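Taking it in order: structure first as structure tokens, then the write-up.
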There are 2 protein chains.
Amino acid sequence: MNAERVLDGAMRAYWHSDPADVSVNAICQMAGISKPSLYREFGSEDGLSRAVLDRYAELVLSEVFVVLHGGHGLHQTLAALIDFASDDPRMETGCLFYKMRAGKHRLGPETRARVEEIDAAAQAAYAGFLQAARDAGEWPDGLSVEAGAKYLGEQIALAITQRASGEDKARIREMLTLALSVFERG
Amino acid sequence: MNAERVLDGAMRAYWHSDPADVSVNAICQMAGISKPSLYREFGSEDGLSRAVLDRYAELVLSEVFVVLHGGHGLHQTLAALIDFASDDPRMETGCLFYKMRAGKHRLGPETRARVEEIDAAAQAAYAGFLQAARDAGEWPDGLSVEAGAKYLGEQIALAITQRASGEDKARIREMLTLALSVFERG
DNA sequence: TCATTTTCGGACCATGCGGTATTTTATTCT
DNA sequence: AGAATAAAATACCGCATGGTCCGAAAATGA
């Protein structure tokens with residue numbers, strides 16, 4: 001029955017609209033399979049969405065982690081994040097992870113747990129990046145690494161979420177650049 | 001049948017959880033009235049949520065407009081906005097307007113139109129406030145008033161939305177203060 | 001080729017939704 | 001008190017949801 005194909009279709013659907021607005025019926029219809037087939041493969045809607053999130057993480061989110069762990073300087077890494085959030089065509093309809101996080105309470109337990117796991121990992125990655133910048137003397141004291149990491153993560157989430165709502169790319173870049181300028185002005 | 005009581009109950013329910021997660025059945029049950037009674041009063045779910053939004057606007061949002069039109073200086077007004085977003089007890093479970101805006105596509109046409117109307121009014125109010133600050137020489141050039149207004153509005157929305165998700169108040173204040181510091185450092 | 005095992009899907013279930021036709025209950029007027 | 005009127009609730013409709021039974025089809029092995 002080709003589970004991968006189903007997963008990709010579900011991912012696209014969840015991603016393009018919103019996980020809460022796509023029913024298993026719709027996914028089955030798009031994938032051209034029957035509902036029992038889907039349930040045999042994934043067990044439940046929660047299992048499906050969890051598998052989709054896993055795939056999304058290794059397909060898309062991994063790249064962000066690569067950027068954060070790249071070891072390039074503060075300025076260069078921030079610029080790469082800004083580029084990704086405000087210009088990458090894959091973020092044109094928003095980020096599936098952020099959509100799931102925003103509607104966390106509507107997810108099943110497995111998927112929700114995975115969302116929280118990824119959220120924690122992302123925050124840790126942001127914190128590691130900022131800590132390295134501080135160690136290199138590129139980022140002044142006055143704000144804790146944790147607070148900065150949370151701030152950075154939320155600003156990127158905001159920018160990408162705005163892309164999903166059709167906001168102008170240039171304006172998003174302008175706002176995100178402004179928000180992240182606090183890291184570069186001592 | 002006391003329409004005001006129903007409205008207040010619906011507002012609380014929508015506000016405390018999320019408009020998309022509260023059914024008309026639940027509202028009727030809470031208000032202790034029957035479904036036909038509710039439909040006679042408000043016509044449809046859309047009519048109900050629109051009425052709720054109207055009431056919320058005149059009850060809560062009006063205060064924000066008052067702050068923005070208060071004519072106090074840049075610093076003082078920003079401080080008031082930060083206080084409101086990060087400390088006002090009414091924002092402890094988030095802002096009903098932002099919740100509706102975030103789930104705009106799930107609303108009926110009337111309510112959605114009202115949301116867009118309020119959004120435009122808010123943006124205009126932010127822009128007016130920033131324009132006044134610029135005229136008074138309190139805010140340097142380099143960023144358009146419109147972009148600044150959008151940025152300001154989105155930062156406040158972000159802060160309040162984070163309160164709804166249980167984030168620590170002090171941390172939210174820290175982040176919002178950081179975000180809005182771009183207005184005060186030439 | 002026939003029997004066994006494995007995979008698949010049509011039809012169905014219970015539940016909850018927004019919304020309504022109809023009946024019952026109050027109220028008002030004479 | 002009794003008829004006319006206004007108000008409210010019971011009980012239902014059609015629909016979509018997540019989830020499952022059970023029979024049909026297909027692949028496998030002898």
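Computed from a prediction, not measured in an experiment: that's the story for all the values here.
Taken to the nearest 0.5 Å, the OG1 atom of A:T93 stands 5.5 Å off from the NE2 atom of A:H16.
Atom pair B:R40:CZ and C:dG19:P shows a separation of 15 Å (rounding to whole Å applied). If you measure from atom CD of A:Q29 to atom P of C:dG10, you get 11 Å, rounded to the nearest angstrom. We find that CZ of A:F42 is positioned 16 Å from P of D:dT20, with the value rounded to whole Å. Atom pair A:D21:CG and D:dA16:P shows a separation of 15 Å (rounding to whole Å applied).
Side chain of A:T111 to main chain of A:D46: a donor-acceptor pair is present (N/O by atom type, distance under 3.5 Å, no hydrogens or angles).
Looking at the side chain of A:K35, the nearest of the listed nucleotides C:dG18, D:dT20, C:dG9 is D:dT20. When distances are taken from the side chain of B:P36 to each of C:dA21, C:dC8, D:dG18, the shortest belongs to C:dA21. The nucleotide whose nearest atom lies closest to any side-chain atom of B:S34 is, among D:dA9, D:dG18, C:dC8, D:dA9.
Residue A:N25 places at least one side-chain N or O closer than 4.0 Å to OP1 or OP2 of D:dG18. When the side-chain nitrogen and oxygen atoms of B:S37 are compared with OP1 and OP2 of D:dA9, one or more of them lie within a distance under 4.0 Å.
Both B:Y39 and A:M1 lie close to DNA chain C; mapped to their nearest nucleotides by heavy-atom distance, the more 5′-ward contact belongs to A:M1. Nearest-nucleotide positions on DNA chain D for A:D46 and B:N2 put B:N2 closer to the 5' end.
Residues A:D119 and A:F97 form a side-chain contact, since some pair of their non-hydrogen atoms from C-beta on lies under 4.5 Å apart. Counting heavy atoms from C-beta on, the side chains of B:R50 and B:E45 never come closer than 4.5 Å.
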